Visitor: 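Okay, here's the structure, questions in a sec.
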Amino acid sequence: MQQRFKHNTALLALLTGVGLILGYVESIIFPQGMAYGIKLGISNIVVLFSLMCLGKSNAYIIAVVKSVLSGALFSSVSAIIYSLSGVLLSVALMSFLEKRFYPDRISVIGISIAGSAAFNIGQVIVACFFTKTLFTIYVLTHMLPISIITGTVTGIITYLVLIRFKRGI
Amino acid sequence: MTNLIKTGDVIIAVIILILTAAFVLLPSFGSADFAVIYVDGKEYGKYNLNENNKTTVELVSDYGHNTVVIKNGQVFVEKSSCKDKLEVKAGPIKKQGQTLVCLPNRVVVTIEGGAKTDATAF
């Protein structure tokens, strides 16, 4: 499957569009984020899906383009910086886990949980620079446990999408 | 669905929980003596927690407006102009190392112990 879609620009654009829409729909359902500013991160499904099906470099492209565009369209410049740092760390960790441990010792859900946690950690690192105080890192105490839940939810959805996608092809 | 969750998934979840526990447990040692407020990375003010009177601090900066209340050894943010109001929801803090953060307004409120400052004063 990776070979077939390797340089399909239209497919990448389509997936980026799906990611943007998912992020937008989520921001309509939860306008201020859920409790404690945690987002479900439905658009991470697209990044995880492209990592599994199209490989690492394409996942990076989709993640970065999606972050920049969703920041430019729906929110602010600072949101782009937060989202970019989170997404880069997240894809780096997810592609490492996918390469080393998938599918023998880890499933899509585990990769999704790690990605969700890495996303929050990346954001908080940037937040530390913005507030110029290291204390900001304590925001993680409630972000990390919730990232396990949100990561599991997006992981299960990605798993269901992957099953249907592979069956269809 | 039986092989959906592998051992690696559980290990990752446990690692994240241990990290969280470390963040929660580490700062809870030592005495809580001062509430220190930082705005945009600069120290704005230091307030003694052991006095029993109520102090209200109005923070107004280019980034926004926050009302911090120090009362009975506890600190909480009463009002904030930011959108998500995380630091208001986080509730009062009273132990050393606990922190309230308002990212949009660049406000950080943290509790520090007095022992260290006494030692350096000698």
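Naming convention: chains lettered A, B, ... in sequence-line order (proteins, then strands); numbering from 1 in each chain. If you're wondering where the values come from, they're calculated on a predicted model, not measured in any experiment.
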Visitor: Taking the six-membered ring for Trp and the full ring for Phe, Tyr or His, determine whether the centres of A:Phe74 and A:Tyr24 are under 6.0 Å apart.
Guide: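 Yes.
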
Visitor: Which atom pair, heavy atoms only, marks the closest approach of B:Val108 to B:Val101?
Guide: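 Shortest heavy-atom separation between B:Val108 and B:Val101 comes out as CG2-CG1, 4.3 Å.
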
Visitor: Heavy-atom distance under 4.5 Å to chain B: side chain of A:Phe129, backbone, both or neither?
Guide: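 Looking at A:Phe129, nothing touches chain B.
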
Visitor: Say whether A:Lys66 and A:Ser43, considering side chains only, have a donor N or O and an acceptor N or O under 3.5 Å apart.
Guide: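 Yes, a side-chain donor-acceptor pair sits under 3.5 Å.
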
Visitor: Any idea which of B:Thr7, B:Leu100, B:Val39, B:Asp40 has the most non-hydrogen atom pairs under 4.5 angstrom with chain A?
Guide: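 If we count pairs closer than 4.5 Å to chain A, B:Asp40 comes out on top.
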
Visitor: Below 4.5 Å from any heavy atom of chain B, which atoms of A:Ile113 appear? Answer side chain, backbone, both or neither.
Guide: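 Interface part for A:Ile113: both.
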
Visitor: Does either side chain, that of B:Asp9 or that of A:Ser107, offer a donor lying less than 3.5 Å from an acceptor on the other one?
Guide: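 The criterion, which ignores hydrogens and geometry beyond distance, is satisfied for A:Ser107 and B:Asp9.
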
